[in-house]
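Beneath this line is the structure, given in C-alpha coordinates, with notes to follow.
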Amino acid sequence: MNQLFPIKFEIQATDGEARAGVLTTRHGVIETPVFMPVGTAGTVKGLRFEALESEDLDAKIILGNTYHLWLRPGIDVIKSAGGLHRFTSWDRAFLTDSGGFQVWSLGALRKISEEGTEFRSHVDGSLRFLSPEVSMEVQAALGSDIVMVFDECAPGEASHEETERSMNLTARWAKRSRIAFDQLQTERADTGRRESEGLSGAQALFGIVQGAGHRDLRRVSLEQTVDIGFDGYAIGGLSVGEEKSVMFDVIEEIVPKMPKHAPRYLMGVGTPEDLIEAVARGVDMFDCVLPTRNGRTGQAFTSRGKLNIKNAQWTNDSRPLDESCRCSVCRRHSRAYLRHLYTAGEMLASILLTHHNLAFFLDTMRGVRQSIRSGDFPTFRREFTGRLGANGE
Ligand SMILES: [Zn+2]
(Lines give C-alpha, C1' and ligand atoms only; values in the text may rest on other atoms or scores of the structure.)
Protein backbone atom coordinates (compact mmCIF):
# COMPACT_ATOMS: atom_id res chain seq x y z
CA MET A 1 0.00 0.00 0.00
CA ASN A 2 1.22 3.49 -0.82
CA GLN A 3 2.02 5.73 2.13
CA LEU A 4 -0.47 8.60 2.42
CA PHE A 5 0.63 12.16 3.16
CA PRO A 6 -1.28 15.15 4.63
CA ILE A 7 -0.88 17.15 1.40
CA LYS A 8 -0.04 16.43 -2.21
CA PHE A 9 1.96 18.87 -4.33
CA GLU A 10 2.30 18.50 -8.06
CA ILE A 11 4.24 20.88 -10.29
CA GLN A 12 2.48 21.04 -13.66
CA ALA A 13 4.47 23.68 -15.55
CA THR A 14 7.69 25.63 -15.17
CA ASP A 15 9.08 28.72 -16.88
CA GLY A 16 12.66 29.34 -15.82
CA GLU A 17 12.62 28.95 -12.02
CA ALA A 18 8.89 29.85 -11.84
CA ARG A 19 6.55 26.95 -11.11
CA ALA A 20 2.80 26.46 -11.54
CA GLY A 21 1.38 23.62 -9.51
CA VAL A 22 -1.50 22.13 -7.57
CA LEU A 23 -1.47 21.74 -3.79
CA THR A 24 -4.11 19.31 -2.53
CA THR A 25 -5.16 19.68 1.11
CA ARG A 26 -7.91 18.01 3.13
CA HIS A 27 -9.86 21.28 2.81
CA GLY A 28 -9.56 21.80 -0.91
CA VAL A 29 -7.31 22.07 -3.91
CA ILE A 30 -5.11 25.16 -4.28
CA GLU A 31 -3.44 26.29 -7.47
CA THR A 32 0.03 27.74 -6.97
CA PRO A 33 1.68 30.23 -6.93
CA VAL A 34 -0.91 31.34 -4.38
CA PHE A 35 -1.49 34.43 -2.25
CA MET A 36 -3.06 33.73 1.15
CA PRO A 37 -5.11 36.57 2.70
CA VAL A 38 -4.28 37.13 6.37
CA GLY A 39 -7.09 36.33 8.81
CA THR A 40 -5.43 37.24 12.08
CA ALA A 41 -8.21 36.68 14.61
CA GLY A 42 -10.29 34.20 12.61
CA THR A 43 -11.43 36.92 10.21
CA VAL A 44 -9.93 38.62 7.19
CA LYS A 45 -10.60 42.09 8.58
CA GLY A 46 -13.54 43.80 6.93
CA LEU A 47 -14.64 40.93 4.69
CA ARG A 48 -17.44 38.41 5.02
CA PHE A 49 -16.60 34.81 4.15
CA GLU A 50 -19.13 35.08 1.30
CA ALA A 51 -16.86 37.72 -0.28
CA LEU A 52 -13.76 35.53 0.13
CA GLU A 53 -15.62 32.64 -1.52
CA SER A 54 -17.12 34.79 -4.30
CA GLU A 55 -15.90 34.59 -7.87
CA ASP A 56 -14.28 38.02 -7.37
CA LEU A 57 -11.81 36.75 -4.78
CA ASP A 58 -12.19 32.97 -4.65
CA ALA A 59 -9.52 32.61 -1.95
CA LYS A 60 -8.75 28.91 -1.49
CA ILE A 61 -6.67 29.27 1.66
CA ILE A 62 -6.38 31.90 4.38
CA LEU A 63 -4.09 32.41 7.35
CA GLY A 64 -4.94 32.22 11.02
CA ASN A 65 -2.73 33.55 13.82
CA THR A 66 -1.93 31.13 16.63
CA TYR A 67 -0.81 33.91 18.97
CA HIS A 68 -4.00 35.96 18.62
CA LEU A 69 -6.45 33.04 18.71
CA TRP A 70 -4.67 31.46 21.68
CA LEU A 71 -4.96 34.69 23.72
CA ARG A 72 -8.50 35.44 22.54
CA PRO A 73 -10.98 33.73 22.48
CA GLY A 74 -8.65 31.01 23.80
CA ILE A 75 -8.29 27.38 22.89
CA ASP A 76 -11.13 26.07 25.04
CA VAL A 77 -13.68 28.14 23.14
CA ILE A 78 -12.37 27.02 19.75
CA LYS A 79 -12.07 23.39 20.83
CA SER A 80 -15.62 23.30 22.15
CA ALA A 81 -16.80 24.75 18.82
CA GLY A 82 -15.09 21.80 17.11
CA GLY A 83 -11.97 23.61 15.77
CA LEU A 84 -11.28 26.75 13.77
CA HIS A 85 -13.04 25.58 10.59
CA ARG A 86 -16.33 24.97 12.43
CA PHE A 87 -15.91 28.00 14.71
CA THR A 88 -15.51 30.38 11.75
CA SER A 89 -17.57 28.33 9.24
CA TRP A 90 -14.71 28.56 6.73
CA ASP A 91 -14.61 25.18 5.05
CA ARG A 92 -11.65 25.89 2.78
CA ALA A 93 -8.00 25.55 3.85
CA PHE A 94 -6.36 27.27 6.82
CA LEU A 95 -2.65 27.76 7.40
CA THR A 96 -1.70 28.86 10.90
CA ASP A 97 1.55 30.54 11.85
CA SER A 98 3.27 29.39 15.03
CA GLY A 99 3.08 32.60 17.05
CA GLY A 100 6.87 32.85 16.92
CA PHE A 101 6.85 35.98 14.80
CA GLN A 102 4.15 37.78 16.82
CA VAL A 103 5.94 37.08 20.09
CA TRP A 104 9.23 38.17 18.54
CA SER A 105 7.69 41.46 17.41
CA LEU A 106 6.75 42.29 21.02
CA GLY A 107 10.40 43.37 21.36
CA ALA A 108 11.35 44.30 24.92
CA LEU A 109 8.12 42.81 26.28
CA ARG A 110 9.33 39.22 25.82
CA LYS A 111 12.08 37.00 27.24
CA ILE A 112 13.53 34.21 25.12
CA SER A 113 15.13 31.12 26.69
CA GLU A 114 16.06 27.66 25.43
CA GLU A 115 12.69 26.42 26.64
CA GLY A 116 10.57 29.05 24.85
CA THR A 117 9.37 32.64 25.06
CA GLU A 118 7.78 34.37 28.03
CA PHE A 119 5.72 37.49 27.42
CA ARG A 120 2.82 39.58 28.65
CA SER A 121 -0.49 39.17 26.86
CA HIS A 122 -1.57 42.36 25.03
CA VAL A 123 -5.17 41.38 25.86
CA ASP A 124 -5.12 41.19 29.67
CA GLY A 125 -1.49 41.71 30.73
CA SER A 126 -1.16 38.14 32.05
CA LEU A 127 2.22 36.38 31.89
CA ARG A 128 2.18 33.71 29.13
CA PHE A 129 4.66 31.16 27.88
CA LEU A 130 4.91 29.97 24.29
CA SER A 131 7.18 27.06 23.30
CA PRO A 132 7.35 24.60 20.39
CA GLU A 133 5.21 22.15 22.39
CA VAL A 134 2.57 24.76 23.31
CA SER A 135 2.43 26.11 19.74
CA MET A 136 1.90 22.60 18.30
CA GLU A 137 -0.80 21.91 20.87
CA VAL A 138 -2.62 25.15 20.05
CA GLN A 139 -2.37 24.54 16.30
CA ALA A 140 -3.70 20.99 16.74
CA ALA A 141 -6.66 22.39 18.71
CA LEU A 142 -7.25 24.94 15.92
CA GLY A 143 -7.16 22.08 13.41
CA SER A 144 -5.50 24.11 10.67
CA ASP A 145 -4.51 22.21 7.54
CA ILE A 146 -0.96 23.54 7.45
CA VAL A 147 0.92 24.06 10.72
CA MET A 148 4.12 26.11 11.00
CA VAL A 149 7.01 25.16 13.32
CA PHE A 150 7.77 27.48 16.25
CA ASP A 151 10.80 29.54 15.25
CA GLU A 152 12.82 32.53 16.31
CA CYS A 153 13.39 35.42 13.96
CA ALA A 154 16.66 37.36 13.98
CA PRO A 155 16.36 41.10 13.24
CA GLY A 156 17.17 42.10 9.65
CA GLU A 157 20.37 43.87 10.71
CA ALA A 158 21.55 41.14 13.18
CA SER A 159 25.28 40.36 13.29
CA HIS A 160 26.62 37.04 12.01
CA GLU A 161 27.18 35.78 15.55
CA GLU A 162 23.77 36.80 16.83
CA THR A 163 22.05 35.34 13.77
CA GLU A 164 23.94 32.05 14.10
CA ARG A 165 22.85 31.67 17.72
CA SER A 166 19.23 32.45 16.81
CA MET A 167 19.29 30.10 13.80
CA ASN A 168 20.59 27.19 15.90
CA LEU A 169 17.85 27.81 18.45
CA THR A 170 15.33 27.75 15.58
CA ALA A 171 16.76 24.37 14.50
CA ARG A 172 16.39 22.91 18.00
CA TRP A 173 12.87 24.31 18.24
CA ALA A 174 12.06 22.85 14.79
CA LYS A 175 13.08 19.38 16.02
CA ARG A 176 10.96 19.79 19.18
CA SER A 177 8.06 21.05 17.04
CA ARG A 178 8.33 17.95 14.82
CA ILE A 179 8.32 15.56 17.83
CA ALA A 180 5.43 17.30 19.60
CA PHE A 181 3.45 17.54 16.33
CA ASP A 182 3.89 13.81 15.52
CA GLN A 183 2.82 12.88 19.05
CA LEU A 184 -0.32 15.07 18.80
CA GLN A 185 -1.24 13.47 15.46
CA THR A 186 -1.08 9.97 16.98
CA GLU A 187 -3.22 11.20 19.88
CA ARG A 188 -5.76 12.58 17.35
CA ALA A 189 -5.60 16.00 19.01
CA ASP A 190 -6.11 17.67 15.61
CA THR A 191 -9.70 18.98 15.44
CA GLY A 192 -9.58 19.46 11.65
CA ARG A 193 -8.95 15.80 10.82
CA ARG A 194 -10.83 14.82 7.69
CA GLU A 195 -10.68 11.71 5.57
CA SER A 196 -10.11 12.64 1.96
CA GLU A 197 -9.14 10.51 -0.95
CA GLY A 198 -5.43 9.99 -1.41
CA LEU A 199 -4.49 11.95 1.72
CA SER A 200 -3.71 10.83 5.26
CA GLY A 201 -6.32 13.20 6.79
CA ALA A 202 -3.74 14.63 9.21
CA GLN A 203 -2.31 18.15 9.48
CA ALA A 204 0.77 19.08 7.42
CA LEU A 205 3.83 20.61 9.10
CA PHE A 206 6.11 23.15 7.40
CA GLY A 207 9.68 23.97 8.49
CA ILE A 208 11.08 27.52 8.43
CA VAL A 209 14.51 28.57 7.15
CA GLN A 210 16.01 31.50 9.10
CA GLY A 211 19.41 33.24 8.96
CA ALA A 212 18.57 36.93 8.35
CA GLY A 213 20.63 38.45 5.51
CA HIS A 214 23.59 36.05 5.94
CA ARG A 215 23.58 33.76 2.96
CA ASP A 216 25.99 31.21 4.47
CA LEU A 217 23.76 30.88 7.53
CA ARG A 218 20.67 30.60 5.34
CA ARG A 219 22.31 27.62 3.60
CA VAL A 220 23.07 25.98 6.97
CA SER A 221 19.52 26.67 8.20
CA LEU A 222 18.10 25.09 5.04
CA GLU A 223 20.19 21.93 5.62
CA GLN A 224 19.16 21.75 9.27
CA THR A 225 15.49 22.10 8.31
CA VAL A 226 15.55 19.59 5.45
CA ASP A 227 17.40 17.09 7.71
CA ILE A 228 14.46 17.08 10.12
CA GLY A 229 12.04 16.66 7.23
CA PHE A 230 8.78 18.54 6.63
CA ASP A 231 5.81 18.57 4.23
CA GLY A 232 6.78 22.02 2.97
CA TYR A 233 9.48 24.65 3.54
CA ALA A 234 9.18 28.33 4.32
CA ILE A 235 11.60 31.23 4.29
CA GLY A 236 11.04 33.35 7.39
CA GLY A 237 12.67 36.47 8.71
CA LEU A 238 12.57 38.50 5.50
CA SER A 239 10.83 41.85 5.00
CA VAL A 240 11.65 42.73 8.63
CA GLY A 241 13.55 45.93 7.94
CA GLU A 242 16.42 44.76 5.72
CA GLU A 243 17.13 46.29 2.29
CA LYS A 244 15.08 44.86 -0.56
CA SER A 245 18.24 43.84 -2.39
CA VAL A 246 19.24 41.73 0.64
CA MET A 247 15.84 40.01 0.57
CA PHE A 248 16.16 39.10 -3.12
CA ASP A 249 19.78 37.99 -2.68
CA VAL A 250 18.65 35.54 0.01
CA ILE A 251 15.70 34.31 -2.08
CA GLU A 252 17.91 33.82 -5.12
CA GLU A 253 20.51 31.94 -3.08
CA ILE A 254 18.15 29.68 -1.11
CA VAL A 255 15.01 28.94 -3.12
CA PRO A 256 16.67 26.94 -5.92
CA LYS A 257 18.33 24.77 -3.24
CA MET A 258 15.02 24.00 -1.50
CA PRO A 259 13.48 20.54 -2.08
CA LYS A 260 11.99 20.60 -5.61
CA HIS A 261 8.90 18.51 -4.84
CA ALA A 262 7.67 20.37 -1.74
CA PRO A 263 5.85 23.72 -1.63
CA ARG A 264 8.04 26.77 -0.96
CA TYR A 265 6.49 29.52 1.13
CA LEU A 266 7.87 33.06 1.51
CA MET A 267 6.43 34.40 4.76
CA GLY A 268 5.07 37.93 5.12
CA VAL A 269 6.00 39.24 1.63
CA GLY A 270 4.95 41.59 0.03
CA THR A 271 3.87 44.05 -2.68
CA PRO A 272 2.51 42.71 -6.00
CA GLU A 273 5.89 43.34 -7.65
CA ASP A 274 7.67 41.49 -4.79
CA LEU A 275 5.41 38.48 -5.35
CA ILE A 276 6.14 38.38 -9.06
CA GLU A 277 9.90 38.73 -8.49
CA ALA A 278 9.80 35.91 -5.91
CA VAL A 279 7.75 33.67 -8.21
CA ALA A 280 10.43 34.26 -10.86
CA ARG A 281 12.89 32.82 -8.32
CA GLY A 282 10.79 29.70 -7.61
CA VAL A 283 8.46 30.59 -4.68
CA ASP A 284 4.98 28.97 -4.56
CA MET A 285 3.15 30.51 -1.56
CA PHE A 286 2.78 33.98 -0.03
CA ASP A 287 0.94 35.83 2.70
CA CYS A 288 1.01 39.50 3.59
CA VAL A 289 -1.07 42.04 5.49
CA LEU A 290 -0.48 44.77 2.86
CA PRO A 291 -3.72 44.46 0.83
CA THR A 292 -5.92 44.33 3.95
CA ARG A 293 -4.03 46.70 6.26
CA ASN A 294 -3.38 49.33 3.57
CA GLY A 295 -6.99 49.04 2.40
CA ARG A 296 -8.07 50.20 5.84
CA THR A 297 -5.78 53.23 5.66
CA GLY A 298 -7.01 54.35 2.26
CA GLN A 299 -4.38 52.86 -0.03
CA ALA A 300 -5.41 50.92 -3.12
CA PHE A 301 -3.11 48.65 -5.12
CA THR A 302 -3.83 48.90 -8.82
CA SER A 303 -2.34 47.72 -12.10
CA ARG A 304 -0.93 51.25 -12.49
CA GLY A 305 0.62 51.41 -9.04
CA LYS A 306 -0.59 52.57 -5.67
CA LEU A 307 -3.44 55.04 -5.32
CA ASN A 308 -4.19 57.03 -2.20
CA ILE A 309 -7.94 57.54 -1.99
CA LYS A 310 -7.49 60.47 0.43
CA ASN A 311 -5.99 62.67 -2.30
CA ALA A 312 -8.13 65.66 -3.28
CA GLN A 313 -7.49 64.94 -6.97
CA TRP A 314 -10.14 62.16 -6.86
CA THR A 315 -12.93 64.41 -5.48
CA ASN A 316 -14.89 64.44 -8.76
CA ASP A 317 -13.26 61.45 -10.48
CA SER A 318 -15.90 59.09 -11.88
CA ARG A 319 -13.39 56.38 -12.85
CA PRO A 320 -13.09 53.14 -10.84
CA LEU A 321 -10.03 52.53 -8.64
CA ASP A 322 -8.48 50.45 -11.41
CA GLU A 323 -9.84 50.57 -14.93
CA SER A 324 -8.47 47.11 -15.70
CA CYS A 325 -9.96 45.48 -12.58
CA ARG A 326 -13.19 43.50 -12.91
CA CYS A 327 -13.97 43.22 -9.18
CA SER A 328 -17.43 44.19 -7.90
CA VAL A 329 -16.06 47.41 -6.33
CA CYS A 330 -14.50 48.58 -9.59
CA ARG A 331 -17.58 47.55 -11.59
CA ARG A 332 -19.83 49.67 -9.40
CA HIS A 333 -18.11 52.53 -7.55
CA SER A 334 -16.14 55.63 -8.51
CA ARG A 335 -13.00 57.04 -6.90
CA ALA A 336 -15.08 60.09 -5.98
CA TYR A 337 -17.55 57.98 -3.98
CA LEU A 338 -14.81 55.92 -2.30
CA ARG A 339 -12.94 59.10 -1.38
CA HIS A 340 -16.14 60.55 0.09
CA LEU A 341 -16.70 57.39 2.19
CA TYR A 342 -13.12 57.46 3.42
CA THR A 343 -13.07 61.14 4.41
CA ALA A 344 -16.49 60.76 6.09
CA GLY A 345 -15.05 57.93 8.21
CA GLU A 346 -17.57 55.40 6.86
CA MET A 347 -16.66 51.76 7.55
CA LEU A 348 -17.72 50.84 4.02
CA ALA A 349 -14.58 52.61 2.73
CA SER A 350 -12.34 50.04 4.47
CA ILE A 351 -14.53 47.17 3.34
CA LEU A 352 -14.55 48.20 -0.33
CA LEU A 353 -10.83 49.06 -0.48
CA THR A 354 -9.92 45.77 1.22
CA HIS A 355 -12.13 43.88 -1.22
CA HIS A 356 -10.56 45.53 -4.26
CA ASN A 357 -7.00 45.12 -2.92
CA LEU A 358 -7.46 41.40 -2.33
CA ALA A 359 -9.16 41.01 -5.71
CA PHE A 360 -6.12 42.69 -7.29
CA PHE A 361 -3.59 40.47 -5.47
CA LEU A 362 -5.52 37.26 -6.16
CA ASP A 363 -6.14 38.20 -9.79
CA THR A 364 -2.47 39.04 -10.26
CA MET A 365 -1.59 35.54 -9.03
CA ARG A 366 -4.17 34.08 -11.43
CA GLY A 367 -2.38 35.90 -14.25
CA VAL A 368 0.97 34.65 -12.98
CA ARG A 369 -0.22 31.02 -13.00
CA GLN A 370 -1.71 31.30 -16.48
CA SER A 371 1.41 32.88 -17.89
CA ILE A 372 3.65 30.16 -16.40
CA ARG A 373 1.40 27.51 -17.92
CA SER A 374 1.44 29.17 -21.34
CA GLY A 375 5.17 29.93 -21.25
CA ASP A 376 4.59 33.71 -21.25
CA PHE A 377 5.72 34.50 -17.70
CA PRO A 378 8.68 36.72 -18.72
CA THR A 379 6.33 38.85 -20.86
CA PHE A 380 3.74 39.01 -18.07
CA ARG A 381 6.43 40.05 -15.59
CA ARG A 382 7.81 42.75 -17.89
CA GLU A 383 4.40 44.22 -18.78
CA PHE A 384 3.14 44.11 -15.18
CA THR A 385 6.20 45.93 -13.87
CA GLY A 386 6.14 48.40 -16.76
CA ARG A 387 2.59 49.55 -15.96
CA LEU A 388 3.14 50.04 -12.21
CA GLY A 389 4.60 53.56 -12.25
CA ALA A 390 1.65 54.99 -14.19
CA ASN A 391 -0.27 56.45 -11.22
CA GLY A 392 2.79 58.46 -10.27
CA GLU A 393 2.53 57.55 -6.54
ZN1 LIG B 1 -11.21 46.29 -8.26
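In listed order, ligands and their atoms are each counted from 1.
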Quiz: residues 94-103 side-chain donor-acceptor pairs under 3.5 angstrom, not counting sequence neighbours:
residue : atom : partner : partner atom : Å
T96     : OG1  : Q139    : OE1          : 2.8
T96     : OG1  : S144    : OG           : 2.6
D97     : OD1  : N65     : ND2          : 3.3
D97     : OD1  : T66     : N            : 3.1
D97     : OD2  : N65     : ND2          : 2.4
S98     : OG   : G100    : N            : 3.1
S98     : OG   : V149    : O            : 3.1

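In this structure, F301 has its ring center no closer than 6.0 Å to that of F360.
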>> Run the salt bridge (Lys or Arg N to Asp or Glu O under 4.0 Å) test on R176 and E115 for me, step by step, so that the C-alpha distance in whole Å, both residues' side-chain angles and the decisive distance to 0.1 Å come before the verdict.
In response: CA-CA 10 Å; R176 278 168 55 192; E115 200 41 41; 3.4 Å; yes

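Under a hydrophobic-cluster definition in which Ile, Leu, Val, Met, Phe, Trp and Tyr are linked whenever side-chain heavy atoms come within less than 4.5 Å, directly or via other members, V240 and M267 are assigned to different clusters.
Counting side-chain heavy-atom gaps under 4.5 Å among Ile, Leu, Val, Met, Phe, Trp and Tyr, L127 is found in no cluster with other residues.
With waters neither drawn nor counted, the protein N/O/S atoms under 2.8 Å from the Zn ion (ligand 1) amount to 4.
Not counting sequence neighbours, the partners of E253 by the side-chain contact (heavy atoms from CB on, under 4.5 Å) test are R215, R219, K257.
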